Amino acid sequence: MAMMAQKRVTVYLLSGFLGSGKTTLLTKAIDHFTEAGRKPAVIMNEIGEVNLDGQLVANEVPMSELLGGCICCSSRGDLATALHELVTGEQPDLIFIESTGIANPMEIIDEVTDASLIIPVELKAVITVVDAPQLLELNRTSRGKTYRLMKEQIRCANLLLLNKTDLLTGTALEEVDALVREWNPYATNHFTVFSQIDMRLVEMLEEEGREAIHLLDEQGSHDHEADSRTSHEEHEHEHDHAHEHGSHHHHSHSHVMAYTHFFERAVDSNAFEEFVSKLPQEVYRAKGILSFSDTSSRFLFQYAYREMDFVKITPKGEVPDVAVFIGENFSRNAVRDALLKLESMFDSDTKS
């Protein structure tokens, strides 16, 4: 259980279609966190064989390059390796993953949460930069593959930057804003020029406790200027977390989210299977490494599309008993409480 006590490295995923302004946001974020005395690192994914965007990142910033393919398909597996090498070799405080413009964030979310089972990292947020004029044009004309991909990138976001809004009129801004809100009413949404936002908004995605939410609430409602203020006063941040009972606990009812639970004791295998079978349909993916009270083996479990699978495993090194649940708009509290109940059942059995 050694990894429970180990500080987990914050991971931010930067998403958005080609040319939306992701690298501009990345360089601003690196400057901000570096000046604040923290050590950022970068994983840069490019379709081509040359990392041109990486040329814009300062030489002193540790960077891993995944070239010649998209993380979410041909480079799957490479991302976990890159995360491991950065965490062990550079000891950064936070890692930014800049995906290719054609990547589907859900695949990368899955990859990072897979890695978090054995590497001390935690995905805190997906930040999507939207080329507002491009999205508006596609919405009015051709709703093809690019349009559908942009929709997926927007749906997965915790923080949305509607970028290049200086190129749109007030009516056009309202139109693209309404479209984005329809696709993702849960993310905080900001009009930007050159991806310029108050970096406190990024910091808040990482901060513990409800103070971040209260501060966001106090920043007022959204207007149609290139600002850095929130527009969803009742929004609950997806990745605020408090370390209670060995779990990474987050506030309930957000959009695309992952809940990580560290087990303090073994649970009964039949009770756990029953728990998984009753997961709400909003939880569409789960995985973990577990010890059961009724067997000596450890198991890797996988759950997807209402199907579960258990495989005996001997983890390399010290790996805690941990499970990750991924879905949309499910109550983390309900999942957490059910798991704690399973753990307490083992306590009751040993006492009796």
Side-chain angles (χ1 to χ4, degrees), residues 3-4 6-16 22-23 25-30 32-34 36 38-45 54 57 61-66 70-72 75-100 103-129 153 156-160 187 199 201-208 212 237-241 243 247-250 254-262 285 287 320 322 324-326:
M3 203 173 76
M4 274 181 57
Q6 188 173 356
K7 183 177 182 294
R8 298 176 76 84
V9 178
T10 291
V11 175
Y12 292 113
L13 171 59
L14 304 185
S15 178
K22 295 189 300 297
T23 307
L25 174 63
L26 174 64
T27 56
K28 293 178 188 295
I30 288 171
H32 171 82
F33 285 104
T34 301
R38 303 186 68 192
K39 183 179 181 179
V42 174
I43 295 177
M44 186 80 73
N45 184 213
V57 177
V61 177
M63 181 165 61
S64 179
E65 300 175 337
L66 302 179
C70 186
I71 294 174
C72 63
S75 293
R76 261 187 88 82
D78 294 344
L79 179 57
T81 302
L83 284 168
H84 180 264
E85 290 175 350
L86 281 176
V87 169
T88 57
E90 301 292 345
Q91 292 86 46
D93 296 310
L94 62 164
I95 298 173
F96 290 95
I97 301 173
E98 182 180 333
S99 62
T100 69
N104 185 328
M106 279 310 306
E107 298 288 337
I108 306 172
I109 291 170
D110 201 39
E111 183 91 352
V112 175
T113 52
D114 273 344
S116 72
L117 297 178
I118 54 174
I119 305 169
V121 297
E122 183 171 15
L123 180 65
K124 288 299 184 77
V126 178
I127 304 171
T128 297
V129 185
Q153 293 171 341
C156 290
N158 308 96
L159 177 63
L160 277 165
M199 284 297 161
L201 294 166
V202 178
E203 292 175 341
M204 287 175 195
L205 296 169
E206 181 185 20
E207 290 174 3
E208 297 180 0
H237 273 299
E238 171 176 347
H239 290 288
D240 291 315
H241 77 208
H243 300 281
S247 65
H248 284 200
H249 177 49
H250 312 264
S254 193
H255 189 43
V256 177
M257 51 183 163
Y259 169 67
T260 303
H261 186 91
F262 288 100
R285 184 86 166 89
K287 52 208 169 184
V322 59
V324 180
F325 302 85
I326 306 168

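Hydrogens, waters and symmetry mates are skipped; everything else that's a heavy atom, side chains included, is used. If you're wondering where the values come from, they're calculated on a predicted model, not measured in any experiment.
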For the side chain to side chain contact (heavy atoms under 4.5 Å, CB included) test, which of Ile43, Leu79, Ile108, Asn104 pairs with Ser99?
Ile108
What is the distance from atom CG of Leu160 to atom CD1 of Ile127, rounded to the nearest 0.5 Å?
10.0 Å
Taken to the nearest 0.5 Å, the spacing of Thr23 OG1 from Leu25 CG works out to 9.0 Å
Excluding sequence neighbours, so at least two apart, what forms side chain to side chain contact (heavy atoms under 4.5 Å, CB included) with Ala115?
Ala80, Leu83, Ile119
Got Leu94 and Tyr12 here, is their nearest side-chain heavy-atom distance under 4.5 Å?
yes
Rounded to the nearest 0.5 Å, how far does CZ of Phe96 lie from CG of Leu13?
11.0 Å
Quick one: list whatever passes side chain to side chain contact (heavy atoms under 4.5 Å, CB included) with Thr34, sequence neighbours left out.
Ile30, Pro40
Under the side chain to side chain contact (heavy atoms under 4.5 Å, CB included) test, which residues partner Gln91, sequence neighbours left out?
none
Just grab all the salt bridge (charged side-chain N to carboxylate O under 4.0 Å, His left out) pairs involving residues 79-88, residues at least two apart or on different chains.
none
Mind checking the CD1-NZ spacing from Ile95 to Lys124? Nearest 0.5 Å is all I need.
12.5 Å
From CA spacing to verdict: side-chain contact (heavy atoms from CB on, under 4.5 Å), Ile97, Leu14
CA-CA 6 Å; Ile97 301 173; Leu14 304 185; over 6 Å; no
Report yes if some heavy atom in the side chain of Asp93 is under 4.5 Å from a heavy atom in the side chain of Thr10; otherwise report no.
no
About how many Å separate OG1 of Thr88 and NE2 of His84, when rounded to the nearest 0.5 Å?
4.5 Å
Hey, does the side chain of Arg8 reach the backbone of Pro120 with a donor-acceptor pair shorter than 3.5 angstrom?
no
If the condition is side-chain hydrogen bond (donor to acceptor under 3.5 Å, both in side chains), which residues does His32 pass it with, not counting sequence neighbours?
Glu203
Passing option when Leu159 is tested against Thr128, Leu205, Val129, Val126 for side chain to side chain contact (heavy atoms under 4.5 Å, CB included):
Leu205
Charged N-O contact under 4.0 Å between Glu206 and Arg38:
yes
Sequence neighbours excluded, the answer for side-chain hydrogen bond (donor to acceptor under 3.5 Å, both in side chains) partners of Lys287 is Asp110, Thr113, Asp114
Should Leu123 and Ser116 be marked as a side-chain contact (heavy atoms from CB on, under 4.5 Å) after you check the CA-CA gap, both sets of side-chain angles, and the distance that decides it?
CA-CA 8 Å; Leu123 180 65; Ser116 72; over 6 Å; no
Measuring only between side-chain heavy atoms, which start at C-beta, is Val202 closer than 4.5 Å to Phe33?
yes
